[in-house]
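Notes follow the structure.
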2 protein chains.
Amino acid sequence: MNELEPEHLKSAGLKSTLPRLKVLDLFKNGQERHMSAENVYQLLRDSGDNVGLATVYRVLTQFEQAGLLVRHNFEGGKSVFELNEGTHHDHIVCMQCGHVEEFYDSAIESRQKKIAADRGFTIHDHSLHIYGDCTKTKCPHRR
Amino acid sequence: MNELEPEHLKSAGLKSTLPRLKVLDLFKNGQERHMSAENVYQLLRDSGDNVGLATVYRVLTQFEQAGLLVRHNFEGGKSVFELNEGTHHDHIVCMQCGHVEEFYDSAIESRQKKIAADRGFTIHDHSLHIYGDCTKTKCPHRR
DNA sequence: ATGCAAATGAGAATGATTATCGTTCGTGTC
DNA sequence: GACACGAACGATAATCATTCTCATTTGCAT
Ligand SMILES: [Mn+2]
Ligand SMILES: [Mn+2]
Ligand SMILES: [Zn+2]
Ligand SMILES: [Zn+2]
């Protein structure tokens, strides 16, 4: 449906296959920024592509390991992925409509570093999710 | 094995049954502060009690809803519970040995409130997990 | 065009959690 | 203390997300 970019895959050490190109394209040119495996699978389905769900899971994990995507574990049991654009950020999620907003707070980040240091921990990763309701009037996002 | 406390259950609107008393006792008098359903199940098993795994899951969820326990979703796919002692705190988890330390940082808490307010969100809940390695020398906690 | 390892897709398998359902237990009544 | 009855239990089937297996297809280098 769009131009494909085999360079990104090759440079990530991944051979350029059709399913991989389709998934990457979805994240780069699709409307949803945060998507689960099932989301990706359905969108590819809807656009007439015949990809297996197992392949979607496989590719998402590979992309994560290759640093192309970032995985998040919001509440609800399913992993959500987004394009890795290098800039770390955390998320605030609306429990009514599922809308996700991103934020970065340097004060929080530095406090985390201090907390870990004080306790003799080497930080590997961290996750901060705020759950709430976005103002009812603007809530009409999608389910 | 210890004194049982049916009051807590009754006051929580829960009928005082043997499995419930055992589970509650584990959290109040056991050695582990943070436990998964499987952890609880095994510990009860080991102490000779015949409780069903389904009952453990049921009771943990009931206790959570009754406000007796708090549920956390650390990485690893399984829910972890701890006694609800009223004071909110976040967690830093060692990815090597599984050791968990708790912390509360008012600066982080207030920044979160501000972030939500700025975006028109009413906070329902939030989760902050820091993952890392605790200093190798003190790491010999359990797997 | 050929060859072959790597990737894919269908479906089975897994691990955590929940739902079902016949049996047992807790508690209030006589 | 015996009874009654609905709540709770325990064993097991079912569900859900995700991973694994394996026969078939594909990407890519000869
Ligand atoms: Mn994001
Ligand atoms: Mn805790
Ligand atoms: Zn909303
Ligand atoms: Zn450790």
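Below, chains carry the letters A, B, ... as their sequence lines are ordered, and counting in each starts from 1. For clarity, every value in this text was computed on a predicted model and none was experimentally measured.
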Nucleotide [N], atom [atom2] - distance to [atom1] of [X] in whole Å:
X        : N       : atom1 : atom2 : value
Tyr41(B) : dG15(C) : OH    : P     : 16 Å
Gln62(B) : dA7(D)  : CD    : P     : 13 Å
Leu14(A) : dG27(D) : CG    : C1'   : 13 Å
Leu9(A)  : dA7(C)  : CG    : C1'   : 13 Å
Arg45(B) : dA11(D) : CZ    : P     : 6 Å
Leu44(A) : dT8(C)  : CG    : C1'   : 14 Å
Met35(B) : dA16(C) : CE    : P     : 17 Å
Leu53(B) : dA14(D) : CG    : P     : 17 Å

Margin query: Contact list please: residues 70-79 of chain B against DNA chain C, heavy atoms, distance less than 4.0 Å, in numerical order.
Written below: Gly77(B), Lys78(B), Ser79(B)

Item checked: Protein proximity profile, nucleotides 21-30 of chain C - base contact B, sugar-phosphate-only contact S, no contact -, cut-off 4.0 Å on heavy atoms -> -----SS---

Checklist line | For Glu82(A), the option from Lys28(A), Arg33(A), Arg71(A) that meets salt bridge (Lys or Arg N to Asp or Glu O under 4.0 Å) | finding: Arg33(A)

Note to self: I'd like to know if the side chain of Gln96(B) pairs up with that of His124(A) as donor and acceptor (distance under 3.5 Å, no hydrogens or angles considered).
What the structure shows: no

Note to self: What I'd like to find out is whether the side chain of Leu69(A) reaches to under 4.5 Å of the side chain of Phe27(A), using heavy atoms alone.
What the structure shows: yes

Note to self: Could you tell me if the side chain of Asp105(A) sits less than 4.5 Å from the side chain of Ile108(B), heavy atoms only?
What the structure shows: no

Checklist line | Minimum heavy-atom distance between Asp133(B) and Cys94(B), given as atom pair plus value | finding: CA-SG, 4.0 Å

Checklist line | Non-hydrogen atoms of Phe81(B) and Ser79(B) that approach each other most closely | finding: CE1-CB, 3.9 Å

Margin query: Which residue is it: His88(B), His91(B), His126(B)? I am looking for the one with a ring-ring contact (aromatic ring centres under 6.0 Å, His included) to His72(B).
Written below: His91(B)

Check: So His99(B) and Phe121(A), would you call those rings parallel, tilted or perpendicular, with 30° and 60° as cut-offs?
Finding: parallel

Margin query: Of the listed nucleotides (dA8(D), dC20(D), dT19(D)), which one gets closest to any side-chain atom of Arg20(B)?
Written below: dA8(D)

Checklist line | Any Tyr57(A) side-chain N or O less than 4.0 Å from OP1/OP2 of dT19(D) | finding: no

Next item on the list: List for me each residue that meets salt bridge (charged side-chain N to carboxylate O under 4.0 Å, His left out) alongside Arg58(B), sequence neighbours excluded, and say none if there are none.
Entry: none

